[in-house]
Amino acid sequence: MTLDRRDFIKSSSMGLSSLLVAGTMQEASAISLPQDVTILFQGDSITDAGRDKASYYPNDAAGMGRGYVFQIVSSLLGQNPTNSWKFYNRGVSGNKVYQLSDRWEDDCLQLKPDVISLLIGVNDFWHTLNNFKGTAETFRKDLINLLERTKKTLPNVTLIIGEPFAVQGGTAIDDRWYPEFPKYQLAVRTIAQQYDTVFIPYQEIFNAALNEAPASYWCPDGVHPSMAGAYLMKEAWIKEWSKL
């Protein structure tokens, strides 16, 4: 496995691909955060990833789903056995920002997280192709309102915001996505800068990965990552987390 990873790094034509995989395990084991931290993952089906919603206690494997959240949590718990970190996954498939807002009290604020990792936005566009009447501007305003509400209740919370992405070559991605979907991505990037959050450029990460293998390998429908795609997301997330 080590040789394969090194071969991948050496063969990559994009510098970002190398950054995704180099030194992550060492970084994960060297994170200098307090021993007692509560981390909440929020979002739509990419975060949900088939989690058992009845398994709502922290660090419950069934409650983490089968995607990038499970990979992040298992990596960090395995590398940091002496820390009392509590991880929750409250992603819900199909969610748009307004639906996230409707459940925010129960699925976020009452948990009093120290860190919120948020990946949202693809459905706010995707569902407009099937009668949802949202716009990029509505999405932007709804997301700002959600973050303002969060900061008011949890003024010291650390925010990690992931960029919504669409992987070219995926079966669900067609010409209707452009040029509209990039407006949603721009809204997220701008808001992340405005609120001085950690930002994870998932679109750039998947674009770089396409130099190594097609969308069918990383993210078959262009929206929901495969195990390999979830691995890329995990590596990127831990890289940013290690900087906190």
Side-chain angles (χ1 to χ4, degrees), residues 40-51 53 56 63-69 88-111 113 116-154 157 159-167 170-195 197-203 206 219-225 229-230 233 237:
L40 170 66
F41 291 90
Q42 269 289 4
D44 50 40
S45 57
I46 302 168
T47 300
D48 182 329
R51 69 181 176 91
K53 294 175 178 58
Y56 48 79
M64 294 300 117
R66 300 183 299 273
Y68 77 99
V69 175
Y88 294 90
N89 184 354
R90 292 294 188 268
V92 173
S93 181
N95 264 194
K96 297 173 277 292
V97 175
Y98 81 88
Q99 293 161 317
L100 204 61
S101 180
D102 287 345
R103 60 186 181 83
W104 205 239
E105 181 63 39
D106 289 341
D107 284 350
C108 177
L109 301 181
Q110 66 92 15
L111 294 173
I116 299 172
S117 176
L118 177 60
L119 176 59
I120 197 73
V122 69
N123 290 326
D124 293 80
F125 167 75
W126 196 8
H127 291 185
T128 65
L129 303 180
N130 188 26
N131 298 322
F132 176 60
K133 302 302 182 183
T135 67
E137 180 61 16
T138 300
F139 168 71
R140 186 187 69 83
K141 290 179 179 179
D142 286 351
L143 184 55
I144 287 174
N145 288 338
L146 185 71
L147 296 184
E148 286 290 336
R149 176 182 171 192
T150 303
K151 282 291 192 179
K152 183 176 180 180
T153 304
L154 304 170
V157 72
L159 295 171
I160 300 175
I161 295 183
E163 180 182 30
F165 55 86
V167 182
T171 57
I173 311 304
D174 56 32
D175 290 344
R176 295 177 298 168
W177 286 66
Y178 304 99
E180 196 63 26
F181 180 61
K183 297 176 184 178
Y184 291 74
Q185 296 176 303
L186 177 60
V188 172
R189 288 195 299 271
T190 302
I191 290 169
Q193 292 174 350
Q194 177 182 341
Y195 284 84
T197 76
V198 175
F199 177 72
I200 305 178
Y202 287 128
Q203 186 66 61
F206 278 104
C219 191
D221 68 357
V223 175
H224 300 95
M233 295 179 70
W237 195 97

**Student:** Determine whether Asp142 and Ser101 satisfy the following criterion, side-chain contact (heavy atoms from CB on, under 4.5 Å), listing intermediate values before the conclusion.
**Tutor:** CA-CA 8 Å; Asp142 286 351; Ser101 180; over 6 Å; no

**Student:** Taking atom NZ as the centre, does Lys141 end up with more than 12 heavy-atom neighbours from other residues, nucleotides or ligands that are less than 6.0 angstrom away?
**Tutor:**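 For Lys141, atom NZ is not crowded (no more than 12 foreign heavy atoms under 6.0 Å).
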
**Student:** Could you tell me the separation between the CZ atom of Phe132 and the CH2 atom of Trp126, rounded to the nearest 0.5 Å?
**Tutor:** 14.5 Å

**Student:** May I ask you to decide if Asp44's main-chain N or O and Gln99's side chain share a donor-acceptor pair within less than 3.5 Å?
**Tutor:** no

**Student:** Would the distance check show the side chain of Tyr184 and the main-chain N or O of Ala136 forming a donor-acceptor pair, the cut-off being under 3.5 Å?
**Tutor:**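 Answer holds: yes.
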
**Student:** Could you tell me the separation between the CD1 atom of Ile200 and the CE atom of Met233, rounded to the nearest 0.5 Å?
**Tutor:** 8.0 Å

**Student:** Could you check whether any side-chain heavy atom of Pro225 comes within less than 4.5 Å of a side-chain heavy atom of Ile46, counting everything from C-beta outward?
**Tutor:**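 Sidechains of Ile46 and Pro225: in contact.
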
**Student:** Where do Gln203 and Phe181 come nearest, in terms of heavy atoms and distance?
**Tutor:** OE1-CE2, 4.4 Å

**Student:** With a 4.5 Å limit on heavy-atom distance, are the side chains of Val69 and Trp237 in contact?
**Tutor:**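 The answer is no; the side chains never approach within 4.5 Å.
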
**Student:** Could you list all the ring-ring contact (aromatic ring centres under 6.0 Å, His included) pairs where at least one residue sits in residues 90-109, not counting sequence neighbours?
**Tutor:**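 Listed by first then second residue: nothing to list.
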
**Student:** Any chance you could measure Arg176, atom CZ, to Phe125, atom CZ, to the nearest 0.5 Å?
**Tutor:**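 So the gap between those two atoms works out to 8.0 Å.
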
**Student:** Answer yes when Glu148 and Lys151 have at least one side-chain N-carboxylate O distance shorter than 4.0 Å, and no when they do not.
**Tutor:**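 Result for this pair is no, no salt bridge flagged.
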
**Student:** Going by side-chain contact (heavy atoms from CB on, under 4.5 Å), name the residues that satisfy it together with Thr153, two or more places apart in sequence or in a different chain.
**Tutor:**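 Testing Thr153 for side-chain contact (heavy atoms from CB on, under 4.5 Å), a comparison that skips the adjacent residues, returns Leu109.
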
**Student:** Distance alone, cut at 3.5 Å: any donor-acceptor contact between the side chains of Arg140 and Thr190?
**Tutor:** no

**Student:** Looking at CD1 of Ile144 and CD1 of Ile191, how far apart are the two atoms once the value is rounded to the nearest 0.5 Å?
**Tutor:** 4.5 Å

**Student:** Which heavy atom of Phe206 sits nearest a heavy atom of Cys219, and at what distance?
**Tutor:** CE2-CB, 4.4 Å

**Student:** Do side-chain atoms of Arg90 reach the backbone of Arg103 as a donor and acceptor pair under 3.5 angstrom?
**Tutor:**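 Such a contact is absent between Arg90 side chain and Arg103 backbone.
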
**Student:** Please report the shortest heavy-atom distance between Arg51 and Met64, naming the atom on each side.
**Tutor:**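 Looking at all heavy atoms of both residues, the closest pair is CB-C, 4.1 Å.
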
**Student:** Taking all non-hydrogen atoms of both residues into account, name the closest pair between Asn123 and Gly94 and its distance.
**Tutor:** ND2-C, 3.2 Å

**Student:** Can you tell me if Tyr56 has over 12 outside heavy atoms packed within less than 6.0 Å of its OH?
**Tutor:**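 No, not enclosed.
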
**Student:** Could you grab the distance from atom CZ of Arg189 to atom CZ of Phe199, nearest 0.5 Å is fine?
**Tutor:**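 If I round to the nearest 0.5 Å, the distance is 6.0 Å.
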
**Student:** Whether the side chain of Asn89 engages the backbone of Thr47 through a donor-acceptor N/O pair (distance < 3.5 Å, no angle test) should be reported.
**Tutor:**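 Checked: pair present.
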
**Student:** Applying salt bridge (Lys or Arg N to Asp or Glu O under 4.0 Å) as the test, list every pair that has at least one member in residues 119-132; sequence neighbours left out.
**Tutor:** none

**Student:** Nearest 0.5 Å, please: how far is CG in Leu119 from CD1 in Ile160?
**Tutor:** 12.0 Å

**Student:** So Glu180 and Lys183, do their side chains get closer than 4.5 Å, heavy atoms only?
**Tutor:**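 Side-chain contact under 4.5 Å: yes.
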
**Student:** Over all heavy atoms of both residues, which pair between Cys108 and Pro113 is shortest? Give the atoms and the distance, please.
**Tutor:**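 Shortest heavy-atom contact: O-CD, 3.3 Å.
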
**Student:** Please step through side-chain contact (heavy atoms from CB on, under 4.5 Å) for the pair Ile173 and Val223, ending with a clear verdict.
**Tutor:** CA-CA 8 Å; Ile173 311 304; Val223 175; 4.1 Å; yes

**Student:** Of Val188, Ile161, Leu100, which is the lone residue that meets side-chain contact (heavy atoms from CB on, under 4.5 Å) with Leu143?
**Tutor:** Val188

**Student:** Hey, mind stepping through Tyr88 and Asp107 against side-chain contact (heavy atoms from CB on, under 4.5 Å) and telling me if it holds?
**Tutor:** CA-CA 9 Å; Tyr88 294 90; Asp107 284 350; over 6 Å; no

**Student:** Return the minimal non-hydrogen interatomic distance between Phe139 and Ile120, and the atom names on each side.
**Tutor:** CZ-O, 4.0 Å

